[in-house]
Amino acid sequence: MPVETKTTCPYCGVGCGVIATVNDDGIVSIRGDQDHPANFGRLCSKGSALAETIDLEGRILHPEINGKRATWDEALDLVASRFSDTIAEHGPDSVAFYVSGQLLTEDYYLANKLMKGFIGSANIDTNSRLCMSSSVAGHRRAFGADTVPGTYEDMELADLVILTGSNLAWCHPVLYQRLAAAKAARPEMKVVVIDPRRTMSADIADMHLAIRPDGDVALFTGLLAHLSGSPAVDHAFVEDHTVGFDAAMQAATEHSLPDIAEATGLTIAELIPFYELFERTEKTVTCYSQGVNQSQSGTDKVNAIINCHLATGRIGRPGMGPFSLTGQPNAMGGREVGGLANMLAAHMAIESAGDRDRVQRFWASPAIAEKPGLKAVDMFRAVADGRIKALWIMATNPVVSMPDAGAVEAAIKACPFVVVSDVMAKTDTARHAHVLLPSLGWGEKDGTVTNSERRISRQRGFLDTPGEAKADWWQMAEVGRRMGFGAAFAFRHASEIFAEHAALSGFENLGSRDFDISGVDPKVYDGMAPLQWPRPQAGDAGTTRFFEDGRFYHADGKARFIVTALPEVDRTSADYPLTLNTGRIRDQWHTMTRTGKSARLTAHIAEPFAELHPRDAQALGIESADLVELESPHGKVLLRALISERQARGSVFAPMHWNDQFASLARIDMVVAPVTDPYSGQPASKNTGVRARRFEAK
Ligand code: SF4
């Protein structure tokens, strides 16, 4: 008899429900789960090809030490002793974990507990730093907590959906399908796409604003100024529920419309219709993703957007609100458990002595991190200069995905002790590991993930364990025990970790905070249906929207307007005259370690490419399908030329996915500058000055 398992897609932050069927012949088939509220049965190309990526080719099947097969005991003892010795000699801040939005919440919880509560350092950061940390920082500044106010349904209920810095069609395809279906059913719904490129998402747009890179702060500051004196401003809401409106409005109105036009690269004739559309459309949702977050002004962009929603009171009600789209399947879950270097578990603040004390007492831990740890870019700088001497990398491939990837690779190679837990044996990062630990992959492991709308869903195993692979949480629990932390890591099943995580979220009246799932009965873990947090009471259905009562999480219950200065945005120079923008393509995921296995997915776009405007290409003597060398002060790559009117003049787009396994000299992050947002630490992956030339073999 075929056996069906309900689980969740491991790719993007939409978090689609999947039904995996193991048929009588052992072949796995995949279909969308009609009952899952994220996708109602839909899947995109990546989700529907999941069965093509679960073979064992290339997997790590047993632990290795220095490239040689080892037992689990040998490997775990070595990891524990090297971490303990390094801490004893150099202090807790001499070690670090670099983890991933691919981890399940239970894995993430334990990594955070081990590092912050028992090692006593906050040097745990995540590839989610590259994904949505500017949204986290923006939420905390505006709302007093990292809270996503709305839900996917709001996009369908809205009369205006603004997609800014989001190629929803390729990066969150099922959400795009939902939006396109809603627009087809209600032609009066308007969609505005704000993006330097005319992406596939613009195909359903009523308006495409080809903004200059990083012009978003100016665009939304101009929108706030446009609202000055408008009846669209909800003065009662502003008065009762916010602080700082006058200062933000005064700062916004100091910029003239021509200045805003100059800063955005748009004409006044383009700006005014957009501003008027926003002004007259109460039910507006503004969705933003990496084009907003991955920027040196990412946090200010988020707050410039939120300012406009606060001014109009368009938040917390059906069909309206700012909405951050997370890139990864569990970027949100990592935030819940404090998987970022500057957060504590259960959305508590590492800067708060009361929160630190509360978490330490709950864990009965010997230590608690006293200050924020190193964020991703700074963490690898600390590896490079020798401050970090032992590094554990879990479920991610920073040698491909970090900016200035060549420097990151050199740092990892030089680090005295590197542990990598992964499913694939030969990632660009895994080959530098002293200890390589085989992890369970999708379809093998058990736990929970949280999608962009705060919906917690189960991932469930339905495949046999390959070789000696083990869950990531098990690996950390074993190392924790071997480091002498005993009972605090005596977990036998992911459900026990979830139960502890849920209990911490409601510990000592944390129910008054935004994140609380203490009402989830751990006994229902196996059969747990998707739910939206918070869920403080047993049996309730979870919370669809925040702030319906106008109450925010700052101490006075009010939201904050943030004054945002217009940033410097031009990173080009005479030597590097083009702006490089990196991003995803439709059918690949991250560094292709899984999607690269599917011939069907690879057929969509088979080679890494550099997309150029025809006039730039002509000026450079580059023709379609030529090889192009892209170069910045940090490195160079070799890509196939794709010449397209969709690309803005003066810029070049390249996908983030390719690595040395699939094409040599195609790691685009070799070129990307390691500059970061000052509040979030998120790298600015969409604005690096580069030069391009036609490559000719000598
Ligand atoms: Fe998976 Fe995202 Fe596609 Fe849904 S939209 S099937 S979560 S990749």
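All ligand and atom numbering here is 1-based and tracks the order in the structure.
The two atoms that bring M402 and L130 nearest to each other are SD-CD1, 3.9 Å, heavy atoms only.
A ring-centre distance under 6.0 Å is found for F462 and W442. Less than 6.0 angstrom separates the ring centroid of F547 from the ring centroid of F143.
For ligand 1, the atoms sitting less than 4.0 Å from at least one non-hydrogen atom of G15 are 7 (S), numbered in the order shown with element in parentheses.
Of all protein atoms, those of element N, O or S that lie under 2.8 Å from atom 3 (Fe) of ligand 1 number 1.
N23 and S29 share a side-chain donor-acceptor pair at under 3.5 Å. Inspection of the T396 and Q102 side chains reveals no N or O donor paired with an N or O acceptor under 3.5 Å.
Relative to the ring axis of Y525, R458 places its NZ or CZ within 45° and under 6.0 Å from the centre.
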